[in-house]
Each structure stands twice: as C-alpha cells, then as structure tokens.
Amino acid sequence: MTLRGCRSARVLCASVALWGMLATDAGAQPDFGEMQFPSPPPATAIGGYARGCLGGAVQLPADGPAWQVMRPSRNRAYGHPDLIAFIEALSKAARAQGWDGLLVGDLAQPRGGPMRSGHGSHQTGLDADIWLTPAPQRTLPAEERETLSAVSLVAAGGEDVDARFWTRDHVALLRTAAGFPQVERIFVNPAIKRALCAAERGDRRWLAKIRPWWGHDQHMHVRLRCPRGEAQCTDQSPVPAGDGCDADLEWWFSAEAEEELAKRRATPARKLTIADLPAACRAVLLAP
Ligand SMILES: [Zn+2]
C-alpha cells in the first residue's frame, strides 16, 4: 500500500508509515516531511512559526467557491482551522472586489513542522502563501496547477513594482488582507511595500502589518496571530509602530541588505530535527 493511497484508514496508514521508516533506515528519525495526513483533533498550533508543528490540521479543499490550490502534489494545503477560515473569508472578499478568486500556494504540511524544501516558517499552520497573480476565470486542471508560473510583480533591478502587472487591485487586496484582525503581518517584497506606501492616501495604519522581506515578489505571505486560548503557540514580537514607509524600508534597497542576503545564501539554515521542536511535537509526529 502506498502512503498516498492511505488517507482513509488512519491507524493502518500510520503503521505502514512508521514501518516504512523503520524498514528503510533503522536509525532514521520520523520526519514531518513524510507525513501524509494530519494527527487527530483538536487543532493545536505548537511552538513558533519557524520552529513548531500543528496538531489536528484541516485540509483546504483544492477548489473552493473563490479559490484554487496550486501545486497540490506538494500536499501542503493544511492549516489551523483559523487559517482555513481566513482563506475562505479573504477569497470571498477578493471576489467581491473583482478578482476571479485567489490562487493559494503553500500553507503547511499535514502535521506542520519543518519542511524538506522551500520554507523556514509555515510550521504551525498559521502561514499562507497567496499568489498575487490573478486567477483565470476557469478551474485549472491538476496538471496546470503544477506547472502554471506565478508572475513577478517586481521590475528588473528590484527597486519598483513592474507597471505591466501591478494594479490598484493589488493594493486593494493587500489592504483587505491586512484589515483582518487575526492577520499578524504580511510579508511582501520591499518594492511592493514601497508601492503600497506610495499608493495609500487614506488611513495608513494597515501598512504597519506589511513587512518587507526578500523574495515574495509573486505572492504575499500572510501570517495569523496565535489562535485565542492556545497556550502552546508562540507569537512573534509585534510589528513596529508606524506605517514602516521610512528608513527601515529604505534599508532593504541598500548595499548592506544585499550583503546580508549574500551572507544568508552562503550559510543555509541548519536542518531542524524533532529535538529542536517543542516536546509536544513528538506526540503530533507519532500520533496514529
Ligand atoms: Zn510563505
């Protein structure tokens, strides 16, 4: 039995999975990257965004009334129920603003945790990548969801958005997303933040939540606060006061920022193991 065909019979599947690990490598640690289905409820976000896991995850359906999940073969469309509810609400709001729904990228793995590729965070089921490429008016077939490319909104040189693709609809979508009280911050490319700073003529408070970061030129990375009452979830320190359209933003266009990026690329982050995560993540990993 393959793990992929193993969604319904949880207990049996878990033993197949564990046996597979033991059989292939007696010393191998089970790995969040090979988990194919969530641990049992209740939903629990454990630890920090870049050092945690997720119990009782919920899968975002591949097709919603106003969204389509991209790269479904990665099996990373799992989240805390708060995140799933947020995507439902944001995609509905986006549709009301004229978007043909949203294309949704990675959320979390079935049990959250560190990924083998792609993200440092997205570990607690509270992070979501949402494409800034407008969705087509049709339902994409599975194959296209794997191959369709997102479009960069940042012009060559990285200083500004690309006028061919950047629209007022992007400003409206980001403003709407930041307006949800459960949204803690949204990472975008510095050039996108710069464009938002220039575009907003009204209430600028929402701009505080828009945080510049490398990459993020094709999607926004939305991060929710820890769900109310979940004591095992660790929040990040709050975003600085003010709209952030200041020297802090300009730093991202400096030689120093370029050097910092080069340094980070030269020293990739150490791979996390179960020992690096909160103790409760072991139970999430080993649950049937
Ligand atoms: Zn992300």
Side-chain angles (χ1 to χ4, degrees), residues 32-33 45-54 57-60 62 67-80 82-91 94 102-133 135 145-146 148-154 158 170 173-174 176-178 180 182-193 196 209-227 233-237 239 244 252 261 264-265 268-269 271-272 277:
F32 280 96
I46 300 165
Y49 299 98
R51 199 174 274 247
C53 63
L54 170 66
V58 175
Q59 187 174 21
L60 181 71
W67 72 79
Q68 304 190 50
V69 170
M70 301 301 286
R71 309 291 187 261
S73 68
R74 292 183 184 173
N75 201 29
R76 290 177 177 175
Y78 291 83
H80 189 282
D82 283 15
L83 186 67
I84 306 300
F86 165 73
I87 290 169
E88 286 171 4
L90 178 65
S91 60
L102 297 176
L103 301 178
V104 180
D106 285 357
L107 309 184
Q109 301 176 136
R111 300 184 189 200
M115 295 184 186
R116 288 168 167 181
S117 62
H119 307 274
S121 62
H122 289 251
Q123 296 191 22
T124 52
L126 299 170
D127 290 290
D129 286 347
I130 296 170
W131 287 27
L132 293 169
T133 306
R145 296 192 195 202
E146 301 297 337
L148 186 79
S149 296
V151 177
S152 174
L153 293 172
V154 177
H170 288 104
L173 179 64
L174 281 149
T176 299
F180 282 83
Q182 65 269 44
V183 169
E184 199 272 333
R185 69 187 68 205
I186 301 175
F187 297 103
V188 296
N189 186 276
I192 293 180
K193 167 105 191 189
L196 295 172
K209 288 188 186 177
I210 305 289
R211 308 302 302 163
W213 201 258
W214 293 286
H216 297 84
D217 54 328
Q218 307 165 330
H219 71 271
M220 58 168 150
H221 173 156
V222 181
R223 172 165 293 172
L224 302 192
R225 300 177 195 289
C226 280
C233 180
T234 313
D235 267 313
Q236 199 171 350
S237 20
V239 295
W252 289 88
L261 178 60
R264 283 167 181 254
R265 284 191 173 141
K271 253 188 147 28
L272 297 180
L277 305 179

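Since the structure is predicted, the reported quantities are computational estimates derived from the model, not experimental observations. As the structure lists them, so they are numbered: ligands from 1, and atoms in each ligand from 1. Count residues from 1 along the sequence.
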Task: Non-hydrogen atoms of K271 and M115 that approach each other most closely - done: NZ-O, 4.4 Å

Measure from the Zn ion (ligand 1) to each N, O or S atom of [X] and report whether any distance is below 2.8 Å.
| X | answer |
| --- | --- |
| H221 | yes |
| H122 | yes |
| D106 | no |

Open item on the list: Is it true that, when you exclude R265 itself, more than 12 heavy atoms of the residues, nucleotides or ligands shown sit nearer than 6.0 Å to its CZ?
Closed with: no

Open item on the list: Please name the atom of D129, limited to N, O or S, that comes nearest to the Zn ion (ligand 1).
Closed with: OD1

Task: Parallel, tilted or perpendicular: rings of F187 and H216 (30°, 60°) - done: tilted

Task: Main-chain N/O of A50 paired to Q123 side chain as donor or acceptor, under 3.5 Å - done: yes

